[in-house]
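One structure below.
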Amino acid sequence: MEKSYQPQTIEGRWYRAWEEAGHFAPHGPGESYCIMLPPPNVTGSLHMGHAFQDTIMDVLTRFHRMKGDNTLWQTGMDHAGIATQMVVERQLAAQGVSRRDIGREKFERAVWEWKDSSGGTIARQMRRLGASVDWDNDRFTMDEDLSQAVTKVFVELYHDDLIYRGKRLVNWDPVLHTALSDLEVISTEENGHLWHICYPRVDGKGYVVVATTRPETLLGDTAVAVNPDDPRYNDLVGLKLELPLTDRTIPVITDKYVDAEFGTGCVKITPGHDFNDYEMGKRHSLPVINVLDDDATLNEQAPPAYRGLDRFVARKKIVADLEAAGLLEKVERHKMMIPRGDRSGAVVEPYLTDQWYVKIQPLADPAIEVVENGSIRFVPENWNKTYFDWMHRIEDWCISRQLWWGHRIPAWYDPDGNIFVGYDESDARKRHGLSDDVQLRQDEDVLDTWFSSALWPFSTLGWPGDSPRIQQYYPTSVLVTGFDIIFFWVARMIMMGLKFMGDVPFREVYIHGLIRDASGQKMSKSKGNVLDPLDLIDGIELETLVTKRTTGLMQPQMAPAIEKATRKDFPDGIQAFGCDALRFTFAALATNGRDIRFDLGRIEGNRNFCNKLWNAARYVLMSTQDHEIGPVGATGSCDRWIISRQHQMIARVQEHIGSYRLDLAAQRLYEFIWNEYCDWYLEFSKPVLQSGTAAEQNATRYTLLSVLETSLRALHPFMPFITEEIWQRIKIPLALDGETIMLQEFPGAGDIDKQAESDISWLQQVLQGIRNIRAELNVAPGKKLNIAFQSGTSADRDRQNRFAELLRGLGKIDDSQWLDDGADTTGYSVALVADLKVLVALKGLVDIEDELARLTKLMEKELSNLKRSEAKLANSRFVENAPPAVVETERGRQLAHQAKLAGLKEQFEKLEQLGER
RNA sequence: GGGCGCGUAGCUCAGCGGUAGAGCACUGCCUUGACAUGGCAGGAGUCACUGGUUCGAUCCCAGUCGUGCCCACCA
């Protein structure tokens, strides 16, 4: 074995071996366990969030697979309509071509070509992470069968009156020329203005001043509204106003919606370009005037002077014209929420169009119910509040998109505009009794990407076919995802699952936090603080990292600042930590309900942990090679102790994985392997292997191997590669015949051995006492000591006797003896283990003053502890009210502190006298 | 305007009614035949603040301050 762990030499090798052997395919005899991978976008590449999420899912998957469950981790990708179309359009644009130039068919072909050539990036990256997904059943939302599922769902919802086509205001992206759902609109606060505009009264008695943030929509105004209870404007009601810059007049109406406190208390009403105004327009039967085209330029409804102008150009011109006409009273600065498309970043326009909608309430009600009644459980639980909040206010879902990449809507129109929905054109004809001579034209639009994602838990399992997979794995076990797509995806899967499968799509939803950079910032390309998980695995030179972070920026002027920050944060680049260290770090940080600041210190520590494990294995193999290892009952106390400790560790790890506390599970594994197995058991084994009996040596060798082997199995879900590599080596001396660790059984917890635990605890305390004396009194670590024991119990004598060899070896002790209770101990330094005095002969080793100082420190600590105990016990209310067990514990503490303090004091006084002489 | 979090060692985070923990960083000693990516021994915290409940509060409750996020049609 190499002297240190070299992850890069083994990771790729093992992954290929597993995949080629088909180990990721579901096969266990036990219950079904299924996780759906949230399908990444085909355009995407693996970022820290994916790596984190994939680690969680892989830990769960590998754990359940080892438990014997019939475990499926379903993988696949999402066609990501808008995102993908934008990428391909950008590529075309680079060649000077637009999608309209080449037409729909050619464009779709171009997207497929691009998907085939570069869509596999994430899949390759997932392999680097060790993700044990079932590649044989890889799915893509645009696959033939998944597309059929989409069509079926659309058709059925339509015929159930749960999908309808309607003309209303939608969020319109004037850059992408498509409608968006409410969720795809991101509102952020931006600086704007509030223009106060005078609308002349037709009776010639002056003006009414309205305040608006959007003067250009004035051309579509069809009323001015005031609050009915606003005394200032009582006389205006029913009056007509001249709409500036037009030859129209509009009425003044009253509506409770108007806030008298805001602006002037008069609101211009533009039903064609504002959601509130649209509603108010309906209430008052106002006409709707649309003054915009689909690219947000002013259309023929606007006066000729403004036609064809972009909305923002028109705004300037209109303001200028109003000012020239003396109709602009004032302009104020105003902070306001600006809605933008989440993909294009363009300011979204409320726009009156025909779109397809899902009538959501009938679907939402049962979806609320299943979370309320616990059929679906959020982890952590407080996310169900977020879910309920949104579900109770949910609005109909606009599902049509004016794009080319996606599932085309299965609706056809006859020349009169009548709608016919069916699986395909002939089905639509058949359903509606249309003869072949009626001309039909298919709807041009495609469906929102999330429409097909909503079907993912069953469409990937073969629905609507009768695949056995769907029986086997639906409902799935747990969904692992981020809070950001609870509305986009989680809620919609629940609604569709209930509607079409008659059951929940998953039983639990584990919501994890967001991975941020070390200073708590969200990672983003534009901030230049992105870490690539593969760079943490393989390492990266500083210069390469700088280049990577500063190329392809949307704002190239940020490059110098990013470079500077990068050089400061990573002066030596990033080391290669290996996949297992990265995974273990993610697991250790996967605490509930909190975002994660990714800290390089943690991954470095875990890389060291890998090396520790590696070297422990190296020691075990070196110590056991050339020996016949018979399976023996572990009889030695140390052997029984480590096994007992391991049982407890395993029980906790199982428990923590079960409650999605991978951080706690990882911590237990780390502590057991490092602080118990390596720090203690391996050290215990050394004296035995040197001078123990043949039987003791055999038991020790077997325990070394078997505890390591068990630890590897427990650790495997977290660190698949190193555990496999070591397991393959130690299965030989253990004569195991499994092919791979990933198909071995996850270890079960056994009984605690109280006797062994208290014995070894005693041994540890004695050794720690001796070590403390050495360190505090600056005795050379290698220097052999003479020690003595005094005034212990018979149990102490028994243990001293049984562990004499271990004490001699690990304490570096030359000679030891028991002293009578009254014997002179002035030549010793003392450590106390309960009543037992462990005495280290000082002669010639140390200054008496140093020992006095050391004892003083110990006494002070003991005294303050004693005082605390005494104070508590002196409080009668404590003694009366606290549970008896607590009081008992406290009395025990008091006695222990008293004894210890007395022992220290006695030694201190003796030495002090010696010093004075 | 609603809702959800967070504030514990220098840093990143666990813990959560009975004497505060880990990793990294720090100090001292140590290249001892698994491992210096290491060993041993240490130092380090008014658990944001103020009240309340309790025999006892870092933990429960109320409020304050700081901080982050989500949702929301005041032009």
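Order of the sequence lines sets the chain letters (A, B, ...), proteins ahead of strands, with each chain counted from 1.
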[X] [atom1] - [N] [atom2] separation (whole Å):
X        : N     : atom1 : atom2 : answer
A:Phe878 : B:A57 : CZ    : C1'   : 14 Å
A:Arg668 : B:G15 : CZ    : C1'   : 13 Å
A:Trp680 : B:C40 : CH2   : C1'   : 10 Å
A:Phe584 : B:A22 : CZ    : P     : 16 Å
A:Phe378 : B:C4  : CZ    : C1'   : 14 Å
A:Asp663 : B:G15 : CG    : P     : 7 Å

### Query
Above 12 or not: heavy atoms from other molecules or residues under 6.0 Å from CD of A:Glu381?
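12 or below, so no.
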### Query
Would you say A:Gln625 has more than 12 foreign heavy atoms packed within less than 6.0 Å of its CD?
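It does: A:Gln625 CD has more than 12 such atoms within range.
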### Query
Do the side chain of A:Glu329 and the main chain of A:Ile197 share a donor and acceptor less than 3.5 angstrom apart?
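A pair under 3.5 Å: no.
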### Given RNA chain B, 5'-ward residue of the pair A:Arg893 and A:Arg607, judged by closest heavy atom
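Per heavy-atom nearest nucleotide, the more 5' residue is A:Arg893.
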### Query
RNA chain B: A:Tyr670 or A:Val185, which has the more 5' nearest nucleotide?
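In this pair, the answer is A:Tyr670.
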### Query
Do any of residues 211-218 of chain A sit with a heavy atom less than 4.0 Å from RNA chain B, and if so which?
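By residue number: A:Ala211, A:Thr212, A:Thr213.
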### Message
So if I take residues 254-264 of chain A and measure heavy-atom distances to RNA chain B, which residues fall below 4.0 Å?
### Response
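Heavy-atom cutoff 4.0 Å gives A:Tyr257, A:Val258, A:Asp259, A:Phe262.
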### Parallel, tilted or perpendicular, as decided by the 30° and 60° cut-offs, for the rings of A:Tyr387 and A:Phe378
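Judged by the thresholds at 30° and 60°, the geometry between A:Phe378 and A:Tyr387 is tilted.
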### Task
Answer yes or no on whether A:Lys612 is positioned over the face of A:Tyr670, meaning its NZ or CZ is under 6.0 Å from the six-membered ring centre and within 45° of the axis.
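The answer is no; the distance or angle limit is not met.
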### Query
When the C1' atoms of B:C74 and B:C4 are considered, how many whole Å apart are they?
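The same atom, C1', in both gives a distance of 25 Å.
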### Message
Using the salt bridge (charged side-chain N to carboxylate O under 4.0 Å, His left out) criterion, which residues pair with A:Asp538? Sequence neighbours excluded.
### Response
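Result, salt bridge (charged side-chain N to carboxylate O under 4.0 Å, His left out) vs A:Asp538: A:Arg128.
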### Query
Heavy atoms under 4.0 Å, any strand shown: does A:Glu604 hit a base, just sugar-phosphate, or nothing?
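No contact at all - A:Glu604 keeps every heavy atom at 4.0 Å or more from the nucleic acid.
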### Message
At 4.0 Å (heavy atoms only), tell me whether A:Glu279 reaches a base, stays on the sugar-phosphate, or touches nothing.
### Response
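The answer is nothing, as A:Glu279 stays clear of every strand by at least 4.0 Å.
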### Exercise: identify the closest heavy-atom pair between A:Leu708 and A:Ile726
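Looks like CD2-CG2, 4.3 Å.
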Tabulate atom names and distances for all N/O pairs under 3.5 angstrom spanning the protein and nucleotides 10-13 of chain B.
| unit_1 | atom_1 | unit_2 | atom_2 | d |
| --- | --- | --- | --- | --- |
| B:U12 | OP1 | A:Arg597 | NH1 | 2.9 |
| B:U12 | O2 | A:Arg602 | NH1 | 3.3 |
| B:C13 | OP1 | A:Arg597 | N | 3.2 |

### Message
Evaluate A:Arg854 against A:Lys857 for side chain to side chain contact (heavy atoms under 4.5 Å, CB included), listing each step before the verdict.
### Response
CA-CA 5 Å; A:Arg854 191 184 73 91; A:Lys857 205 165 87 182; 5.8 Å; no
### Query
Do the side-chain N and O atoms of A:Gln6 and A:Thr9 include a donor-acceptor pair separated by under 3.5 angstrom?
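No donor-acceptor contact under 3.5 Å links the two side chains.
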At a cut-off of 3.5 Å, list every protein nitrogen or oxygen paired with a nitrogen or oxygen from nucleotides 30-36 of chain B, distance to 0.1 Å.
| unit_1 | atom_1 | unit_2 | atom_2 | d |
| --- | --- | --- | --- | --- |
| B:A34 | OP1 | A:Lys686 | NZ | 3.3 |
| B:A34 | O3' | A:Arg618 | NH2 | 3.1 |
| B:A34 | O2' | A:Asn615 | OD1 | 2.8 |
| B:A34 | O2' | A:Arg618 | NE | 3.2 |
| B:A34 | O2' | A:Arg618 | NH2 | 2.8 |
| B:A34 | N7 | A:Lys686 | NZ | 3.1 |
| B:A34 | N6 | A:Cys678 | O | 3.4 |
| B:A34 | N6 | A:Glu683 | OE2 | 3.4 |
| B:A34 | N3 | A:Asn615 | O | 3.1 |
| B:A34 | N3 | A:Ala616 | N | 3.3 |
| B:C35 | O4' | A:Asn615 | OD1 | 2.9 |
| B:C35 | O4' | A:Asn615 | ND2 | 3.4 |
| B:C35 | O2' | A:Asn611 | ND2 | 3.0 |
| B:C35 | O2 | A:Lys612 | NZ | 3.0 |
| B:C35 | N3 | A:Lys612 | NZ | 3.0 |

### Query
Does B:G28 have a Watson-Crick or wobble partner in any strand here, with both distances under 3.5 angstrom, and which is it?
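The base-pairing partner of B:G28, which may sit in any strand shown, is B:C40.
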Quiz: residues 875-882 of chain A side-chain donor-acceptor pairs under 3.5 angstrom, not counting sequence neighbours:
| unit_1 | atom_1 | unit_2 | atom_2 | d |
| --- | --- | --- | --- | --- |
| A:Asn875 | OD1 | A:Arg877 | N | 2.9 |
| A:Asn881 | ND2 | A:Arg877 | O | 2.9 |

### Task
Could you tell me whether A:Phe684 and A:Trp680 have their ring centroids closer than 6.0 angstrom?
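Between A:Phe684 and A:Trp680, the centre distance is under 6.0 Å.
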